[in-house]
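Notes follow once the structure below has been shown.
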Number of protein chains: 2
Amino acid sequence: MNFEQILKEKELKITPQRLVVFEAIYTLKTHPTAEEIIVFIKERHPNISVATVYKVLDVFVEKGIVRKVKTENEVMRYDAFMEHHHHLFCADSNRIEDYQNEELDTLLRDFFDSKKIKGFKIKDFQLHITGTFKNK
Amino acid sequence: MNFEQILKEKELKITPQRLVVFEAIYTLKTHPTAEEIIVFIKERHPNISVATVYKVLDVFVEKGIVRKVKTENEVMRYDAFMEHHHHLFCADSNRIEDYQNEELDTLLRDFFDSKKIKGFKIKDFQLHITGTFKNK
DNA sequence: TTATGTAAAGATAATAATTCTCGTTTAGAA
DNA sequence: TTCTAAACGAGAATTATTATCTTTACATAA
């Protein structure tokens, strides 16, 4: 499915700026910060406004096109990979990687199905795994 | 164990400001923001400096006395409960609650013991559970 | 007692990410 | 082609946080 269709589905106008912001997050697979996205874009399209990038990002998050990734110390980072997944956080650097494991999801879903949290209705869960990357 | 002992163990000087900041986080069981902590403290001790509160919080985080909790939209929040635990995030408000479940931890530990993540050494994990609180 | 060193606190300026404002432009429907 | 709400651009404003610099508290040594 291409990105223009996604915008249409969400009843958002197709604008060059939106295409460009999405392209940036999608190309930078590193869970980029807003600033990294802006730098990437500015190289190709110097006329896009910083405020526009922020606004586009907000709209994307609101409509579920990209996701915000919370980290402990840093600024907000963005992730265009919208399937249910978890994150690996490097304890020594800013590196973040996606982690997807169907078996883990089943395990957790089964756990919470049998073991309800009283007074709380679960919508979603996401595991933050901290550790160190061996390579690179 | 009282708080003065904790400071001693961490080789930190016992100061009134540190006691007061810890008391604030501990009393406000709501994962308060720095600002909420500052407001709480200012009522009782109007002379403490904002910068001092931030510095004390940083030291606490660095020494593992409190923990930072980052949420999607907001500013940093703090948690004085340092045992391994997870968080329940309300999808509709800023409410955050701690969630601790020994069985869940065992389940996850066992899972990752048998199912290593290649190229990654796990130090810790924390589950972010999003949903809605039924009561209050 | 007095001097000295050092960690911590206080006040305020600086920084930086993000948001706001408001005038202008544009996408897409009619 | 025209119209209008939606989106964009530029820069100011905001706000949480950090940095800087001075002062204070307190321990140790002369």
Side-chain angles (χ1 to χ4, degrees), chain A residues 2-25 31-42 44-63 65-78 94, chain B residues 3-4 6-25 31-42 44-63 65-78 94:
Chain A
N2 81 343
F3 182 59
E4 303 203 2
Q5 276 176 315
I6 294 173
L7 287 181
K8 252 180 200 158
E9 263 174 35
K10 307 283 184 180
E11 300 182 329
L12 292 173
K13 288 186 180 171
I14 297 163
T15 69
Q17 291 87 345
R18 282 175 179 165
L19 296 173
V20 154
V21 171
F22 187 77
E23 190 206 350
I25 310 177
H31 303 79
T33 63
E35 210 202 325
E36 286 162 348
I37 294 166
I38 290 162
V39 168
F40 181 94
I41 291 174
K42 285 279 185 182
R44 287 136 237 250
H45 310 274
N47 296 326
I48 195 170
S49 165
V50 170
T52 299
V53 176
Y54 275 103
K55 270 181 287 193
V56 169
L57 287 172
D58 281 353
V59 172
F60 284 2
V61 170
E62 196 188 305
K63 296 286 182 177
I65 297 169
V66 305
R67 193 179 287 189
K68 283 188 177 183
V69 185
K70 320 152 199 179
T71 68
E72 264 184 26
N73 311 310
E74 306 151 57
V75 293
M76 211 50 82
R77 293 169 67 166
Y78 295 87
N94 293 335
Chain B
F3 182 61
E4 303 203 1
I6 294 174
L7 288 180
K8 253 181 202 158
E9 263 174 33
K10 307 283 184 181
E11 296 181 334
L12 292 172
K13 289 191 179 164
I14 297 162
T15 70
Q17 290 87 345
R18 282 175 179 163
L19 296 174
V20 154
V21 170
F22 187 78
E23 190 207 347
I25 310 175
H31 303 79
T33 63
E35 212 203 324
E36 287 163 347
I37 293 166
I38 290 162
V39 167
F40 180 94
I41 291 173
K42 285 280 185 179
R44 287 135 238 252
H45 311 274
N47 297 325
I48 196 169
S49 165
V50 169
T52 299
V53 176
Y54 274 103
K55 270 182 284 192
V56 169
L57 286 171
D58 282 353
V59 172
F60 284 2
V61 170
E62 194 186 308
K63 296 286 181 177
I65 298 169
V66 305
R67 192 179 287 188
K68 281 189 178 184
V69 184
K70 184 140 188 174
T71 68
E72 264 184 26
N73 311 309
E74 304 152 58
V75 294
M76 209 54 79
R77 293 169 65 166
Y78 296 87
N94 294 336

(message) Looking only at the side chain of K13(B) (C-beta and beyond, no hydrogens), which of the listed nucleotides dA9(C), dC20(C), dA7(C) gets closest?
(response) dA7(C)
(message) What is the separation between atom CG on L7(A) and atom P on dG28(C), rounded to the nearest whole Å?
(response) 9 Å
(message) Need to verify one output field. Residue with the more 5' nearest nucleotide on DNA chain D, V59(A) or N47(A)?
(response) V59(A)
(request) Give the nucleotide from the list dT20(D), dA8(C), dA27(C) with an atom nearest to the side chain of R18(B). (result) dA8(C)
(request) Would you kindly give the CD1-to-C1' distance between I14(B) and dA7(C), to the nearest whole Å? (result) 14 Å
(message) Just N and O in the side chain of T52(A): are any of them under 4.0 Å from OP1 or OP2 of dG9(D)?
(response) yes
(message) Any non-hydrogen side-chain atom of V56(A) less than 4.5 Å from a side-chain atom of V20(A)?
(response) no
(request) Measure the distance from CD1 on I48(B) to C1' on dG10(C) and round it to the nearest whole Å. (result) 10 Å
(message) How many whole angstroms separate atom CG of L57(B) from atom P of dA9(C)?
(response) 11 Å
(message) Tell me if the NZ atom of K42(B) is crowded by more than 12 foreign heavy atoms within 6.0 Å.
(response) yes
(message) Can you tell me if Q17(A) touches the phosphate of dT26(C), counting only side-chain N or O atoms and a distance under 4.0 Å to OP1 or OP2?
(response) no
(message) Nearest to the S49(A) side chain among dT18(C), dT20(D), dA10(D), which nucleotide is it?
(response) dA10(D)
(message) So, under a plain 3.5 Å distance rule, would you say the side chain of K8(A) forms a donor-acceptor pair with the base of dG28(C)?
(response) no
(message) To check you understand the geometry: which heavy-atom pair defines the closest contact between K63(A) and K10(A), and what is its length?
(response) O-NZ, 3.0 Å
(message) Using whole Å, what does the distance between atom C1' of nucleotide dT18(D) and atom CD of E62(B) come to?
(response) 14 Å
(message) Between C1' on dA7(D) and CZ on F22(A), what's the gap in Å once rounded to a whole number?
(response) 19 Å
(request) Check the distance between dA7(C)'s P and E11(B)'s CD and give it to me in whole angstrom. (result) 12 Å
(message) I want to verify a distance call: between dA7(D), dA10(D), dG28(C), whose nearest atom is closest to the L12(A) side chain?
(response) dA7(D)
(request) Using atom OH of Y54(A) as one end and atom C1' of dT15(D) as the other, report the distance to the nearest whole Å. (result) 13 Å
(message) If you compare every side-chain N and O of T15(B) against the phosphate oxygens of dA9(C) (OP1, OP2), does one of them come in below 4.0 Å?
(response) yes
(message) Does the Lys NZ or Arg CZ of R44(B) fall within the cation-pi geometry relative to F40(B) - under 6.0 Å from the ring centre and within 45° of the axis?
(response) yes
(message) Let's see if you can work this out: which of dC8(D), dG10(C), dA16(D) has an atom nearest to the side-chain heavy atoms of E35(B)?
(response) dA16(D)
(request) Taking the side chain as every heavy atom from C-beta outward, state whether L7(A) and F60(A) have any pair of such atoms under 4.5 Å apart. (result) yes
